Visitor: 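Shown below is the structure under consideration.
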Amino acid sequence: EAGVAQSPRYKIIEKRQSVAFWCNPISGHATLYWYQQILGQGPKLLIQFQNNGVVDDSQLPKDRFSAERLKGVDSTLKIQPAKLEDSAVYLCASSLAMSGARTGELFFGEGSRLTVL
Amino acid sequence: AQSVSQHNHHVILSEAASLELGCNYSYGGTVNLFWYVQYPGQHLQLLLKYFSGDPLVKGIKGFEAEFIKSKFSFNLRKPSVQWSDTAEYFCAVNAQSGYSTLTFGKGTMLLVSP
């Protein structure tokens with residue numbers, strides 16, 4: 001079974017530039033997540049999709065971050081303009097379901113490491 | 001909203017030593033509990049999970065965790081660690097009701113020396 005695919009693996013940009021990350025979840029997984037992991041911290045949820053609808057984007061800095069999952073499959077996370085504090089690993093994850101008692105088993109991609117200079 | 005606290009940021013052990021990593025959560029309702037692991041150069045993966053039933057759960061590679069509801073704890077244990085257990089370990093929690101965000105702790109970096 002193919003895992004969660006992410007690209008690019010690494011990206012270096014200067015502040016105020018823009019960047020986009022792509023994620024393709026495991027086939028059949030309705031729920032897709034973007035997490036931000038800053039060095040020394042645990043992953044922090046940015047946005048959560050159920051199919052192509054947003055379920056939770058309460059921690060997404062909407063003035064500079066945007067994400068979409070137009071066809072309910074793959075997803076793109078964009079940052080424009082980037083700030084120094086956006087340097088982090090951006091993790092995409094997917095799961096079969098996200099509501100109800102037996103949830104929380106996420107399958108992660110390898111992440112996209114962003115360095116903002 | 002729930003939160004997770006992991007007691008140690010770094011742990012260094014020799015091979016064959018016993019391991020216990022602490023995890024406490026804060027949430028008033030019923031929760032699902034997880035330990036995820038990230039080996040060097042690899043992606044985050046599930047180590048073990050607790051949904052309900054027996055509070056002692058066993059995961060891969062000889063790891064186990066015990067849910068103590070009265071203490072809001074879900075500590076990870078392994079009786080004898082190996083060099084290959086060197087990794088970062090994350091405790092995570094989500095609420096069982098509705099659409100619930102999976103919230104992670106800050107992680108514990110375990111280094112096992114041969």
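Reminder, nothing fancy here: chain letters follow the sequence lines and each chain counts from 1. Fair warning: this is a prediction, and the values are worked out from it, not measured in the lab. Values reported hereafter were calculated over all heavy atoms of this structure, with side chains retained and with hydrogens, waters and symmetry mates removed.
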Visitor: If I measure from the heavy atoms of chain A, does Leu46(B) come under 4.5 Å with its side chain, its backbone, both, or neither?
Guide: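 Only the side chain of Leu46(B) comes within 4.5 Å of chain A.
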Visitor: Surrounding CG of Leu84(A) (heavy atoms of other residues, nucleotides or ligands, distance under 6.0 Å), is the total greater than 12?
Guide: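 More than 12 within 6.0 Å, yes.
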Visitor: Measuring from Tyr36(B):OH to Phe108(A):CZ, what's the distance to the nearest 0.5 Å?
Guide: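 So the OH of Tyr36(B) and the CZ of Phe108(A) are separated by 5.5 Å.
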Visitor: Which one wins on heavy-atom pair count under 4.5 Å against chain A: Leu44(B), Val93(B), Leu33(B)?
Guide: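 It is Leu44(B).
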Visitor: Should Val81(B) and Tyr39(B) be counted in the same cluster of Ile, Leu, Val, Met, Phe, Trp and Tyr side chains packed under 4.5 Å apart?
Guide: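 Same cluster.
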Visitor: According to a hydrophobic-cluster definition based on side-chain heavy atoms being under 4.5 Å apart (Ile, Leu, Val, Met, Phe, Trp, Tyr only), do Val112(B) and Val11(B) belong together?
Guide: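 Hydrophobic grouping puts Val112(B) with Val11(B).
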Visitor: Report which part of Gln38(B) has an atom under 4.5 Å of a heavy atom belonging to chain A: side chain, backbone, both, or neither.
Guide: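 For Gln38(B), side-chain heavy atoms alone lie under 4.5 Å from chain A.
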Visitor: If you compare all heavy atoms of Phe90(B) against all heavy atoms of Gln37(A), which two are closest, and at what distance to 0.1 Å?
Guide: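 Scanning both residues completely, I find the closest heavy atoms to be CZ-NE2, 3.2 Å.
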Visitor: Return the CZ to CG distance between Phe104(B) and Leu91(A), rounded to the nearest 0.5 Å.
Guide: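 The distance works out to 8.5 Å.
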Visitor: Between Tyr35(A) and Tyr25(B), is there a shared hydrophobic cluster once you connect ILVMFWY residues whose side-chain heavy atoms come closer than 4.5 Å?
Guide: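 No, because Tyr35(A) and Tyr25(B) fall into different hydrophobic clusters, even though each may have its own neighbours under 4.5 Å.
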Visitor: Heavy-atom count check: over 12 atoms from other residues, nucleotides or ligands less than 6.0 Å from Lys62(A) NZ?
Guide: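 Counting other residues, nucleotides and ligands, NZ of Lys62(A) exceeds 12 neighbours.
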Visitor: Heavy atoms, side chains only, cut-off 4.5 Å: are Lys49(B) and Glu105(A) in contact?
Guide: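 Yes, their side chains come closer than 4.5 Å.
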Visitor: Take a 6.0 Å sphere around CD of Glu14(A) and say whether it holds more than 12 heavy atoms from other residues, nucleotides or ligands.
Guide: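 Not buried by this count: 12 neighbours or fewer within 6.0 Å.
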Visitor: Let me confirm one number: the OG1-CD1 distance from Thr101(B) to Ile47(A), rounded to the nearest 0.5 Å.
Guide: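 Between atom OG1 of Thr101(B) and atom CD1 of Ile47(A) there are 11.5 Å.
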Visitor: Kindly say whether Leu102(B) contributes a backbone atom to a donor-acceptor pair with the side chain of Tyr33(A) at under 3.5 angstrom?
Guide: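 Side chain of Tyr33(A) to backbone of Leu102(B): no pair is present.
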Visitor: For Trp83(B), look at atom CH2 and say whether over 12 heavy atoms of other residues, nucleotides or ligands are found less than 6.0 Å away.
Guide: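 For Trp83(B), atom CH2 is not crowded (no more than 12 foreign heavy atoms under 6.0 Å).
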